[in-house]
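Read through the structure below, which is laid out as structure tokens, and then see the notes.
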Amino acid sequence: MNSTSILKKFKTVFFVVILAAVMVLSAIITSADVFSQHHKTRQDEIELIKEEVTEGEVDAGKMINDHLIDSHEWHLWTYKGHHVAIPLPVFLIHNGEFHAFWSSKLAHGHHHKGFYIEVQGDNKGKILRTIQDDMLNDEILREEGTTDLPTDLSITKNVLAIMISSIFLILIFTSVARAYKRRKDQAPKGLQSFMEPIIVFVRDDIAKSSIGEKKYEKYMPFLLTVFFFIFLNNLMGIVPFFPGGANVTGNIAVTGVMALFTFLITSFSGNRGYWTHIINTPGVPWWLKFPLPLMPVVEIVGIFTKPFVLMIRLFANITAGHTIILGFISLIFIFGNINEFLGLGIGIGFSIPFAVFMSLLELLVAFIQAYVFTLLSALYFGMAVEEYH
Amino acid sequence: MEIVSPGIGLILWMTLSFTALVFILRRYAWKPILKSLHDREDTIEEALNTANKAREEMKDLKADNEILLKEAQEERNIILREARKVKESIIEEAKYKANEEADNIVENAKERIEYEKMAAMTDLKNQIASISIEVAEKILEKELSKESKQEDYIKKLIGDAQLN
């Protein structure tokens, strides 16, 4: 018993160490990669200088946007013009062909197999491909629209963050589940006692009260997963460095997928009464349904607006919080550009206190948004399975 | 406006990861956790019910005990009362018997005394008779030497005797 638990602990520690080692190693590889590439061509050196020049002027909007959107590499830090980033696998499908390579190949505007990351325009941040292979390095042709957009299935920063947080969730909750098995009929202890009130809260105050005593059990796995997934990723989004810092719950694709899950579960568990209420709402005058089906149209639109609102709410809340914090931080550099001491003063006197305040507020928002998303999902499930009379 | 245009890759990976996450957590975390919680709640409820029942039983038992105690006290009182009665009756009887005995003894004593007195009287009478005879003999010897005197004397004696 004891030896197996030690073995399990060892496994966990081993896993974390391996993960960390892989990250550090890959970071070193990229930085070396970047370093060597910087000394390859003169053009690159010019680019670097250009970058440093433009860095002199602070573009807060660009900086904030770059922090909010997804990225093909996980940028760690920049030191003396060297970007240190974790390279991520890039998977592309272009003209029925599958391409896979590391994102470090595309760093700093480099081309690889004709692919490059666009830095401006509508496709900013996306991977594009030049149409003709011999025009790879021709900036003029690139700008003239001789490019097309491959299907990008890369493991981006957000995808990696989703995977890391999923692994965290699995590690945390399987360990909690083991604690329940080991300490049967005993008071909770440690991590288990931290998670238990939240699990019971989701069960009693969200699922049971919205769906009802009889049918809530079927929806518990989804509700608990969605709650803890949003909560953990909200918290990790506040942490500014690896493995936090990815704007997962502030990404519309992520919230959209979760809202889609809610939509599908609601629709598939909708009973006769639920659909009757949508198509032929009882208690409504007939002329609202015939000959112009006003009510059915409104109700059917309502089926889609509900998850749509879920998607937008979470995305907008998290994005707004991050934008404000990034705005406060940008102020330091904007003022620092005018005068170093002014920047320092603004930083200490204004930006840091307000950023800390916003971070605290985001801690609250992290919980509230997880709660609201879960609660509304549960309410929709409750509507779908409610016994109408 | 990249920020509001979801990427197809991220949608794909998120769908895959999240589906996997829901199923893995359902199998290895939520089911055992929720089952344990449910079991524990049942156990607690059962324990509370048992405790309540035990308390109720205790109350009943206490009431029973009180009734028993009351009964026992009553019984004791009855026994005591009876014992007192018996005691008094015994004493009464004893007194009565003692009195009777005493009366008997006195009666016997009286009878005895009467008897003794009678015996004494008889004895006395006999003695007196014999003394009288002796006296009479002596007188007769002395006085009744003459005839006349004998007669007188007899007459006188008879007269005396009649007076007695």
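So that the names make sense, note that chain A is the first sequence line, chain B the second, and so on, each numbered from 1.
No other option in A:Gly250, A:Pro188, A:Ser175 has as many heavy-atom pairs under 4.5 Å with chain B as A:Pro188. Most heavy-atom pairs under 4.5 Å with chain B: of the set A:Asp152, A:Thr319, A:Asn65, A:Leu260, this distinction falls to A:Asp152. The choice from B:Leu16, B:Asp39, B:Ile44, B:Thr19 that makes the most heavy-atom pairs within less than 4.5 Å of chain A is B:Thr19. With chain B as partner, the option from A:Ile172, A:Val226, A:Ile312 having the largest number of non-hydrogen pairs under 4.5 angstrom is A:Val226.
Contacts of A:Ser166 with chain B are made by both backbone and side-chain atoms, with heavy-atom separations under 4.5 Å. In this structure, chain A has heavy atoms under 4.5 Å from both the backbone and the side chain of B:Thr15. Only the side chain of B:Leu25 comes within contact range of chain A, judged by heavy atoms closer than 4.5 Å. Residue contact with chain B, scored on non-hydrogen atoms closer than 4.5 Å, involves the backbone and the side chain of A:Ile170 alike. Both the backbone and the side chain of A:Leu224 come within contact range of chain B, judged by heavy atoms closer than 4.5 Å. Contacts of A:Asn247 with chain B are absent, with no heavy-atom separation under 4.5 Å from either backbone or side chain. Contact annotation for B:Leu12: only side-chain heavy atoms (C-beta onward) come within less than 4.5 Å of a heavy atom of chain A. In this structure, no portion of A:Val248 lies under 4.5 Å from any heavy atom of chain B.
The environment of B:Arg27 atom CZ is sparse: at most 12 non-hydrogen atoms of other residues, nucleotides or ligands sit within 6.0 angstrom. A 6.0 Å sphere centred on CZ of A:Phe201 holds more than 12 heavy atoms belonging to other residues, nucleotides or ligands. For A:Phe308, the CZ atom sits in a loose shell: 12 or fewer heavy atoms of surrounding residues, nucleotides or ligands are nearer than 6.0 Å. Surrounding CZ of A:Phe98 are more than 12 heavy atoms belonging to other residues, nucleotides or ligands, all under 6.0 Å away. Other residues, nucleotides and ligands place more than 12 heavy atoms under 6.0 Å from the CZ atom of A:Phe101. Around NZ of A:Lys208, the count of heavy atoms belonging to other residues, nucleotides or ligands within 6.0 Å exceeds 12. Within 6.0 Å of CD on B:Glu116 lie more than 12 heavy atoms contributed by other residues, nucleotides or ligands.
Nearest heavy atoms, A:Ile162 versus B:Ser17: CG2-CB, 3.7 Å. The heavy-atom pair separating A:Ala253 from B:Ile11 by the smallest distance is CB-CG1, 3.7 Å. Contact record, A:Ile252 with B:Ile3: CG2-O, 4.0 Å, taken as the closest heavy-atom pair. Shown here for B:Met14 and A:Met258, the closest heavy-atom pair between the two residues is CE-CG, 3.6 Å.
Rounding to the nearest 0.5 angstrom, the gap separating the NE2 atom in B:His38 from the CD atom in A:Glu217 is 6.0 Å. Note: B:Leu10 CG to A:Asn158 CG = 5.5 Å, rounded to the nearest 0.5 Å. Put simply, CD on A:Glu196 and OG on B:Ser36 are 9.5 Å apart, with the number rounded to the nearest 0.5 Å. Within the model, atoms CZ of A:Arg203 and CG of B:Leu34 stand 7.0 Å from one another, a figure rounded to the nearest 0.5 Å.
Put simply, the side chain of B:Val4 reaches to within 4.5 Å of the side chain of A:Phe315, judged on heavy atoms.
Below 30°, between 30° and 60°, or above 60°: for A:Phe173 and B:Trp30 the angle between ring planes is between 30° and 60°, a tilted geometry.
Looking only at atom types and distance, the side chain of A:Thr156 has no donor-acceptor partner in the side chain of B:Trp13 under 3.5 Å away.
Listed for the B:Arg40 side chain is a donor-acceptor partner under 3.5 Å among the backbone atoms of A:Gln186.
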